[in-house]
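Remarks on the structure that follows.
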Amino acid sequence: MPLLSVEHLTTHLFTDSGVVRAVDGVSFSLDRGEALGIVGESGCGKSMTALSLMRLVPEPPGRIVGGRVLFQLTATGGPVDLLMLSNEQMRKVRGKRLAMIFQEPMTSLNPVFTIGDQIAEAIKLHEGGSRRQVQSRVVDMLSLVGIPTPAQRANDYPHQLSGGMRQRVMIAMALSCRPEILLADEPTTALDVTIQAQILDLLRRLQAEFGMSLVLVTHDLGVVAEVAQRVIVMYAGKIVEQGTVDQIFRQPLHPYTQGLLKAIPPLAKLPPGTRFATIPGTVPDLAHLPRGCAFADRCPKVRENCRENEVPDDPCNVGRLVRCFYASNP
Amino acid sequence: MQCGQARAVLLCIKSVTRDSCIVIRKTLKYSGDFTIHDPRSTIYEHMNDILVNIEDLKKRFPIEGGLLGREVAAVHAVRGVSLSIGRGETLGLVGESGCGKSTLGMLLLRLLEPDSGSIIFDGVDITRMSQRELRPLRRRMQVVFQDPYASLNPRMTVGEIVAEPLLVHRVARREERRERVIELIRLVGLSEDAYGKYPHEFSGGQRQRIGIARAIALTPSIIVADEPVSALDISIRGEILNLLCDLRERFSLAYLFIAHDLKVVEHLSHRIAVMYLGKIAELFPAEGLAAARHPYTQALASAVPLPDPGARRKRMVLAGDVPSQIVPPAGCSFHPRCPYAQEICKNVEPPLEEYQPGFKASCHFIAEMSERTVSHMAPALHDAVRV
Amino acid sequence: MERGSLNPSSQKYSALIWRQFKKSRLAVICLVFVAILAAVAVAAPFIANDRPVLMRYNGSWSMPVLKMPVALRGVDLYELMSNPPAGTWMLMPPIKYSPGSYDLSSVLAAPSLQHPFGTDGDGRDVAAQLVWGSRVSLSVGVVAVGIAVAIGVLLGLIAGFYGGWIDIAVSRFIEVMICFPTFFLILAVLAFVGPSIYNIMIVIGVTGWTGVARLVRGECLKLRRREFVMAAAASGARDRRVMLRHILPNSMAPVLVSASFGIAGAILVEASLSFLGFGVPPSQPSWGSMLSQAQQFMDIAWWLTLIPGSAIFFTITAYNLVGEALRDAIDPNLRT
Amino acid sequence: MFTYIAKRLLLMIPTILGIAVITFAVVHLAPGDPASLKAQSASEALSSDRMTREIVEGTRALYGLDKPLHVQFAVWLKRIVTLDFGTSYRDHRPVIDKIGDALPITLTLNILTILIIYIVSIPVGAYTALKPKGFVDRASAILFMALYSLPSFWVAMMLIALLCSGDYLNWFPIVGFVSDGASILPWYGWVSNVAWHLVIPIACLTYGGFAFLSRFTRASMLEVIRQDYIRTARAKGLPEWRVAVRHGLRNALIPLLTLMGTLLPALLGGSVIIEQIFSIPGMGRLGFESVLARDYPVIMAIATISAALTLVSILITDIMYAVVDPRITFGKR
Amino acid sequence: MNRLAYFIATALFLTVPIFTASCGGTVTRDPNVLATTLPANPPTLNPIMAADETSSEVDGYIYESLLKLNNRTLEREPQLAKDYDVSPDHLIYTFRLRRGVRWHDGTPFTADDVVYTFEQIRNPKVDAANLRNYFKDVKRIEKVDDFTVKFVYARPYFKALEIISGAPIISKHAFDNGEDFNSHPVGLRPVGTGPYRFVEWKTGRHIILSRNDDYWGPKPAITGISFKIVPDGTVRFELLKKGAIDMDSMRAIQWVRQTQGTSFTDNFTKHKYFVPNYSYIGWNMRGPYFNDVRVRRAMTMLVNRDAILREILLGEGEVVATSFYKFGDQCDRSIEPLPYDPVKARRLLEDAGWADTDGDGILDKDGLKFSFTLIIAAGSPLQRSMALMLHEDLAKAGIEMEIRQLEWATMIKLLFERKFDAAIMAWAMPLQQDPYQVWHSSQVDEGSNFLGFADARADRLMEDARQEFNKSKRNKLYREFQQIVHEEQPCTFLFQMPSLVAVAKRFEHVIDYRLGLDVLEWKIGPWPKLIEW
């Protein structure tokens, strides 16, 4: 039984220019200890999916309008639908069982409290304990995420830390109650490439150490390839392809996945005169999606059928989710 | 994607005189089965054909304090950079945030005032020119910015934005101007009806095209492209890079291509300069990335996560953060993070020296680096490019 | 999310703001009210006057409201009006009194058909004064704020754009102005230069620019480093052009909001000044002076207090609500 | 820190000087001077004889008004350095005494007013930011905006007529700060007597402030609420009120601090109209009377003292800013 | 409106609950104390320096002068002086002082105090320009003995006695201690000889006096007087109505229309008296508009004084035709004011050469448009009404008039500099008036003759009258003078205004004298039903 299974999660943004279907019937599951990557370009709904799991969709304009998020809260007994929990109950899950880190470590920490305070807040809330106990937990967490001289650093304010350090603090805060699932929303995007490597290493290490499940939301296929075991590719609010890392990177079946992979410049000088591979066109307006496949306008393999009919999960019977009538190897 | 690998590619760059000309000759050593043959993109046979020459440029941003508002500290953004860009050449400038690469670009355009050093643009010293004197020269140097949202005036139509440089320099009459603007809009791959629309009606990639159209409106000699694709989605990135390549050929443009992503720069540039804390750490021909020896260049290259699950290589992960720009480390500024740092690195600043024809680096141990690191990095890189 | 894709149908920025603005029905009503008020102020001579708007006398047509016709020279118009000879035809304005015309036989008359808003202590028609008073109140508001905005925009722009010692000087000047208790300063200056409508406008304007200047300076500092401004500089645009074409239009929206509140504030200041006896000359009726005069009749003539009081209240509310809605409309945080 | 404060104090000098110059210019370049006013205010009642220029000149000399302007200014400046603000032309009392009488009254009134405004506006502003476009938001916006638009003198007149005059209701006293002879009351009686006198004036001073401050708080709170760290706080599982108060309001109130600094001039200037109507002998009335009487030393002193105090208060708020917001340090400003 | 106000009131109560719990703080008033108001905080209570009415009103209870005016006969009678002699040449005045008078601080009153007082008045270092002005002709003041003082005049003047005997006498003992006279603390807590002594002055709030139980004369029944300082006239009236004060003056409209109800008449008696005063519209005779007597007469005929008196002043006042107190013996009551006659006025203007030649609706003459500015003082509703009506009436006659409402200091300045066309002004005056200051041609350039009235015959009449000590002869000269002024119409005389005062009914023996009420002789009756807050 999976730790978390998401069924037809649907989140809409109600804006002036119409209803934006940010997350449009997304289903997937996550096993204990598994690392799942969600990739896609900006606006594909990947972050909104993560926020929906936490029930942190900014409201207004957003609202979760349907679906289920089944979380195996207790070892025995059935899973619980997080969307049906009361706010009070959901708060006890957040931070304790299901934690999240965000893209911008610069702004994700409250500037007026010390980082020690901010980590301690979560520990006190979910686990209680004396001041001293909490404090030592804070120091432990900080040293766990590789912050030198953690006892002193705990008294620092966020602005006194570098970006990489802040992201470490965010991770320490998220892991302070040993959650079963960590949602990481673009955890390295705002960081420099050398720092990014540090954080990815850290995340990998801690995931193994804590035995927790990880949902890694990113637009960087490289990051996914390094960290995740299973990958979900999203486009226009829908999952277009799902599979193991090897499947996605070595055998992409959806034309969009294929295009994405091609568009990444490899780390080697291309022969001069080589054109960069691109996916023509732009992402469709999520408030006014065309009928049929959302990728149709940009797809090199598009046919009449694509524009007419809604694409089911696995129309080609390839054994995994590939939302394309004409899924095939490139 | 083309198959084949470039192994060690060497160019010989020989300095002739100090500030005027550099003769670059092609002395390629082949390895493996692949040969590079493209005269336009790799070989410069230009005597006196340097467009921009920067000599020992410095810029710091003072931090004022104390009783009388004296300068108590300064952010040393650019700490003595010498570079040259040839006509039609693309120089890639890479480094992490805060390394001074954008500042260098702005200095070159004289959008910031340098503290010392000189900028020679097409034989003319523009370092101390007044903005008024500079104005005619502005036609020949343009800029493309990173953020396609911030770089276009939201209150102007696309037509007005693209026409702005023409208007400022009184290049053409009203009707002519309109025609030229439409031509430019078409040239960057937008449809004609973009003319009367406002920037917010376009996607990021399209806006970047508008920015490029504005930059080429006066057919400049050089464009400083400050991270032009960093804010774009992967699927669109290629289009903009392709466009930049096309325009380069069409107008024989030179680029100072600033980026934080080695992968992006590598393909577009003729030469690459790696900056660290306001200085050039290494300068090498784009083909020679794999042969670049400076530990920082290598770390940068190896830190990039690769979209290949098989390539879980042993990376050279740098410890620590980028040091403060206010008090840069003494000696080699990279020494606190350098895995090979010795005592000397802490005290003596290494000069930027040619260690191989066409390769310059600022490292005391650049000679040893070849054995020590390239050997252990090579297999990883090897894997990496096997797509 | 691609911001462009969110608003595919939108056009100009101003159109965008208007679309946001329109969402508040109350604000639209207020805007209409302000427009009507402006129309009333402009058309005051045609609405409340003791002369005919149009008349035919001795076979010739004329508009005595604008200019006394030559034909009527030496003729007692008032006599003529009460006893029109044959062949004379005239069209009177809706309110048949000019704000100054008094009638000692109907002092402090309560509202009636003849005087819909009653008369004041000198037997003048309150409705006529109200209509003409809108001229003073509105023009003081608009002109004073115009002056304030002009000074504020100019200084703010220069300070924000050039920085350095110019900024220091301007900032210090702003600080000096801020340190004055404004109303006291206005009062002092008016006491010394004498209150005329122009002086009041100028004084309110000259003391009221600091907010705009700080706003524009702040925006300018922000925008100066924005890439499109740098792009303009990079293409060789002169400072003036960069300031006026690129920075100013982008910092005008908050200025507009502040202007809207400023007009409301200036109307209030004018009323307060009138109340203290520092208002516009008595021959120009203003709402503030009406109210100030009403004070002595407060418990015997309620209409004298209520009517100009309500006029001030509704006008200020309208401007404030317009400002508020405008602020909401340009606030990207609130845009959904 | 100390160098920062010292530097700021030094920087105040040109500002205060600027204020002094402007006030001096306004006061002295204007028509009407205290000497001829004084000479003329003699009613004919006592006797009548010719009013000669010598007497006016004598009075001018007495006041030091016969010297050239720049000399007068220098003399004034020299005295100011020793904190001597001179004596009033009108009654020859030391100016500092007159201000000393008026300032506490104005401050009591205005500090109470500001307290009430803050106490009402901040919760309302914060609440409306958490529930934007809700009923409370719309209702408070319209109500406060309407209150903001009511001219205070009009409201004062109405309240007097309705609540104080005895024609309708006779709940409150009309004038003053405290009843005559209230000093015989026990302290609590005295306090409640003062409070009871101040209800209506403070009501008139207060109601207009709600709109501005609640909207300001709301905007500030809205800005804070959409910050990433609020999301972080929620992600930690904090209760919503804790997110709002501890993480939201704390940050949202920082800009309100700066506002405090700029409120002071209004506070020191007092409210001319309210003080005039309710016969409260505060700074507003003192200033107004001084202007009418061309009492130059008092006008100059009010301007400079309030400027100096304002500058100090701005400095204090800036320092408080740094206390509340750890991002700001003085070493690097 | 009421609903809104009630709503606001209710809201206030809900939001400010602490104030509602304020029951313990009421103060009951002492029925033996008279509570009244002052319209402004007096600048000082030093009677030498005091230049405004608020000071003199308070000082009147504290300080005394050598002689005082009898309420009924309006003749001078002894106060601090027991009696006095005047030399036959009217140059030497000798006063014998009352013995046994003590200052409020207990020290005895002597001739030194009198001499000191007049020395201070004449001292140029003392800020008493207004008073000093009247003592220019005093040659010297001598102390004959401890209780005799002699004043020597340089030239005879019929008002000399009035001037000397009317000045308030201050205590040398209290003042002469080396401190600066102008800023002397006794100026703020006065020490006098009068029936009331100073108790407390809270700046801008109130002044409290209490009965001087050591007073040399008959002691008043009222044990104290408290003056509330209330600048706003409407508020003063509200205070009166609710019984917070016992006595106050009011405007005509309040007098006639707002004090009708029984709630008022049950608690107050109304008193009306005329102190000498007159208001006028002065025409600047130097300017191009009003140098012609026909124009000035026309102006007067355009002002409908009777109607204004009837409708706006509700009949409370008198139309005057001269500058003299209408109920005094100087006034020539036979002079009829010029009638309101716009038609005749227009004819007069036409005669004077003013005609609308260019058809713009405004009269002109020799290319000059008849367009002038009237200045009035801020704060007087009546002047404002008058000005506005004049504005309207003149417009109908083809004259453009701009109104400038000026604050008093500015207005004075303009008058002094003669930079005005026309002004509405009012003079308060003594019972025996000397028109020299206002009408003599020597005062045209620098004195109070703002209008520039210069008439040789009138000059001579005024000069003669000053030295004429025979009242009936003097009055004859003044009658002749009044005729000249009437002919010339340098100004349009308007009204003499009454003082309209309400007094709480618990005070008895309140007698209306011609020049006012005398608080000192009032008695106290039962407490009325009003409550004081």
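Every chain is numbered from 1 and lettered A, B, ... according to where its sequence line falls, protein lines coming before strand lines.
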If we define contacts as heavy-atom pairs under 4.5 Å, which of A/Q118, A/K96, A/Q160 has the most with chain D? A/Q118

Does a sphere of radius 6.0 Å around CZ in A/R63 hold more than 12 heavy atoms from other residues, nucleotides or ligands, not counting ones at 6.0 Å or beyond? no

Pick whichever of D/N251, D/I225, D/I254 has the most heavy-atom pairs under 4.5 Å with chain A. D/N251

Atom pair CG (A/L109) and CG (D/D228), whose distance is rounded to the nearest 0.5 Å: 10.0 Å

Please state whether the side chain, the backbone, both or neither of A/M106 comes within less than 4.5 Å of a heavy atom of chain D. neither

Do D/K236 and A/M173 have side-chain heavy atoms sitting under 4.5 Å apart? yes

I need the minimum non-hydrogen distance between A/M100 and D/A235, along with the two atoms involved. CB-CB, 4.5 Å

Just so I understand: if I count every heavy-atom pair under 4.5 Å between each of A/A99, A/A174, A/P111 and chain D, which residue has the most? A/P111

Please walk me through it: do A/M170 and D/T232 pass side chain to side chain contact (heavy atoms under 4.5 Å, CB included)? CA-CA 9 Å; A/M170 281 298 293; D/T232 307; 3.7 Å; yes

What are the two closest non-hydrogen atoms of D/R234 and A/L56, and how far apart are they? CB-CD2, 3.3 Å

Dump the intermediate steps for side chain to side chain contact (heavy atoms under 4.5 Å, CB included) on D/R231 and A/L51, then the final yes or no. CA-CA 10 Å; D/R231 195 177 53 188; A/L51 288 173; 3.8 Å; yes

Looking at every heavy atom in both D/G237 and A/L125, which two are closest together, and how far apart are they? O-CD2, 3.1 Å

Are the side chains of D/L238 and A/R91 in touch, meaning some heavy atoms are under 4.5 Å apart? no

Let me know if A/M90 has heavy atoms under 4.5 Å from chain D in its side chain, its backbone, both or neither. neither

Between CZ of A/F113 and OH of D/Y229, what distance do you get to the nearest 0.5 Å? 9.5 Å

Under 4.5 Å heavy-atom distance to chain D, tell me which part of A/P58 shows up: side chain, backbone, both or neither. neither

Step through the shown structure and confirm whether more than 12 heavy atoms of other residues, nucleotides or ligands are within 6.0 Å of OH on D/Y127. no

Carboxylate-amine/guanidinium contact D/R246 A/E121, below 4.0 Å: yes

